[in-house]
Amino acid sequence: MSERFDFTGDELAPAYRAAVDAIEAGDLVVLPTDTVYGIAADAFKSDAVQRLLDAKGRGRDMPPPVLISVVESLDALATDVPDSGRKLCEEFWPGPLTVICHAQTSLMWDLGETQGTVALRVPDHENTRELLSRTGPLAVSSANLSGQPAALDVYDAEEQLADSVAVYLDGGLATGGQPSTIVDITGDTPHVVRLGALSLAQLRAVVPDVSTDLDNDEKPAEDEKPAEDVQAADETPVDDVKPAEDVQAADEEPVEDVKPAEDVQAADEEPVEDVKPAEDVQAADVTPVEDVKPAEDVKPADETPVEDEKPTEAAVEASKVEDKSEKPTEPDVRPAT
């Protein structure tokens with residue numbers, strides 16, 4: 001059966017005592033941090049760490065970070081820390097920076113499949129740092145089921161984790177709301193593997209050669225969600241659908257059976273009787289009278305085709321230029337197709 005304690009007032013002794021007892025017993029504690037709520041276990045008790053992973057529904061391939069109370073504990077848990085990585089820790093600790101370091105080989109702990117590394121952070125939460133000073137380093141992951149949003153208050157954490165946690169410390173609403181930024185400092189150059197509350201620009205202001213393979217490297221993790229305008233484009237309300245402008249122009253009151261080409265929209269605005277074929281595309285859409293097909297390049301202006309396929313006066317006159325007495329032959333009467 002889990003217990004909940006106030007972790008905001010001056011009377012914190014009951015909360016500290018309950019949390020320390022739970023950690024020493026190998027149980028789990030939910031506590032507030034400067035980013036989101038975390039679920040904590042004794043980092044040096046392998047069964048407690050496994051209990052933490054089981055509560056979240058995670059495997060050993062996702063080992064939890066370790067929270068420490070002071071910057072000076074860095075060298076006690078990590079080795080071969082480069083100067084650039086140390087600068088980042090000194091600048092942003094306490095704060096939302098997690099660094100991946102080479103772990104001290106002498107440490108007797110089992111956090112999972114760490115490949116000889118450990119992720120460390122000093123939270124910017126005074127009461128939690130005080131608890132860490134009493135318990136020692138804690139394996140801490142975000143207080144949520146794997147795949148669910150991180151809890152921002154103790155009630156959300158309690159709803160997700162229920163009785164898998166022995167003690168819940170209620171520190172109110174988490175002020176940060178974003179996870180920490182994770183930087184790998186196992187190499188010569190710090191490398192960002194997850195952006196969160198700290199941006200790449202903030203990191204590079206301290207160490208200019210910080211690198212990353214992330215696409216949107218200037219955006220915190222919260223901005224990776226689809227933008228509202230993108231979601232709106234996917235939502236198709238049945239009653240309020242309005243086609244795009246170019247689609248509307250194609251759908252505007254087609255004249256009887258004449259269907260203009262998609263790119264020739266202006267022809268739709270003219271009455272049927274006075275429709276004049278426009279260039280090559282419109283001529284193909286207009287059905288001439290008595291099967292007479294006008295030539296592609298010849299545009300008769302307001303001429304009415306004569307029955308029995310007789311040529312117009314202009315065409316007859318043009319054919320008599322060479323010989324006025326000669327009658328035009330049929331090939332001259334019929335327009336080219």
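Residue numbers count from 1 along this sequence. No experiment lies behind these values; they were computed from the predicted model shown.
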Next on the checklist: Is any side-chain heavy atom of Pro190 closer than 4.5 Å to one of Ser84?
Outcome noted: yes
Item to check | Donor-acceptor pair, side chain of Thr212 and main chain of Val192, under 3.5 angstrom | outcome: yes
Checklist entry - So, do Lys45 and Trp109 sit near enough that their side-chain heavy atoms are less than 4.5 Å apart? => result no
Item to check | Nearest atoms (heavy-atom pairs only) where Gln178 meets Gly196 | outcome: OE1-O, 3.3 Å
Item to check | Distance in Å, Ile100 CD1 paired with Gln115 CD, rounded so as to fall on 0.5 Å steps | outcome: 12.0 Å
Next on the checklist: I need the minimum non-hydrogen distance between Pro14 and Glu11, along with the two atoms involved.
Outcome noted: CD-O, 3.9 Å
Item to check | Pairs satisfying salt bridge (Lys or Arg N to Asp or Glu O under 4.0 Å), at least one member in residues 55-71, at least two apart | outcome: Arg60-Asp110
Item to check | Among Leu131, Asn127, Leu169, side chain to side chain contact (heavy atoms under 4.5 Å, CB included) partner for Leu12 | outcome: Asn127
Next on the checklist: When you group the ILVMFWY residues by side-chain heavy-atom contacts below 4.5 Å and let the links chain together, are Leu77 and Leu111 in the same group?
Outcome noted: yes
Checklist entry - Taking all atoms of both residues into account, what is the closest heavy-atom pair of Ser2 and Val165, and its distance? => result CB-O, 2.9 Å
Checklist entry - Where is the tightest heavy-atom contact between Asp42 and Pro137, given as atom of each residue plus distance? => result OD1-O, 4.3 Å
Item to check | Electrostatic pair Asp34-Arg121, nearest N-O below 4.0 angstrom | outcome: yes
Checklist entry - Side chains of Val210 and Leu200: does their closest heavy-atom pair fall under 4.5 Å? => result yes
Next on the checklist: Please tell me whether Tyr168 and Phe7 form a close aromatic pair, meaning their ring centres lie under 6.0 Å apart.
Outcome noted: no
Checklist entry - From Leu198 CG over to Ile182 CD1, what is the distance, rounded to the nearest 0.5 angstrom? => result 11.5 Å
Item to check | Exercise: do Ser180 and Thr98 side chains pair donor with acceptor under 3.5 Å | outcome: yes
Checklist entry - How far does OG of Ser164 sit from CG of Asp54, to the nearest 0.5 angstrom? => result 9.5 Å
Next on the checklist: With heavy-atom distances below 4.5 Å as the criterion, would you say the side chains of Pro123 and Trp93 are in contact?
Outcome noted: no
Checklist entry - Do any N or O atoms from the side chain of His102 and from the backbone of Thr186 form a donor-acceptor pair under 3.5 angstrom? => result yes
Item to check | hydrophobic_cluster_shared for Val49 and Val66, side chain cutoff 4.5 Å | outcome: yes
Item to check | N-O pairing of Asp209 and Arg204 below 4.0 Å | outcome: no
Checklist entry - Do Leu88 and Glu91 come within less than 4.5 Å of each other through their side chains, counting heavy atoms only? => result no
Checklist entry - Under the 3.5 angstrom rule, does the side chain of Glu24 hit a backbone N or O of Asp21 as a donor-acceptor pair? => result no
Next on the checklist: Please determine whether a side-chain nitrogen of the Lys or Arg among Asp75 and Arg86 lies less than 4.0 Å from a carboxylate oxygen of the Asp or Glu.
Outcome noted: yes
Item to check | Donor-acceptor contact present, side-chain Gln160 to main-chain Asn144, <3.5 Å | outcome: no
Item to check | Worked verdict on Ile39 versus Leu161 for side-chain contact (heavy atoms from CB on, under 4.5 Å) | outcome: CA-CA 9 Å; Ile39 178 173; Leu161 301 171; 3.9 Å; yes
Checklist entry - Between CG of Asp83 and CD of Glu90, what distance do you get to the nearest 0.5 Å? => result 9.0 Å
Checklist entry - Would you find a donor on one side and an acceptor on the other, under 3.5 Å apart, between the side chain of Thr128 and the backbone of Pro32? => result yes
Checklist entry - Tell me, do Val29 and Ile23 make a side-chain contact under 4.5 Å, heavy atoms counted? => result yes
Next on the checklist: Does any part of the side chain of Tyr37, heavy atoms only, come nearer than 4.5 Å to the side chain of Thr33, both counted from C-beta?
Outcome noted: no
Item to check | Nearest-0.5 Å distance that lies between atom CD1 in Ile185 and atom CG in Leu74 | outcome: 6.5 Å
Checklist entry - Do the charged groups of Glu130 and Arg134 touch, with an N to O distance under 4.0 Å? => result yes
Next on the checklist: When you compare the side chain of Val70 with that of Val122, does any pair of heavy atoms fall below 4.5 Å?
Outcome noted: no
Checklist outcome for this item: Value for CG (Leu203) from OG1 (Thr181), rounded to nearest 0.5 Å, stands at 6.0 Å
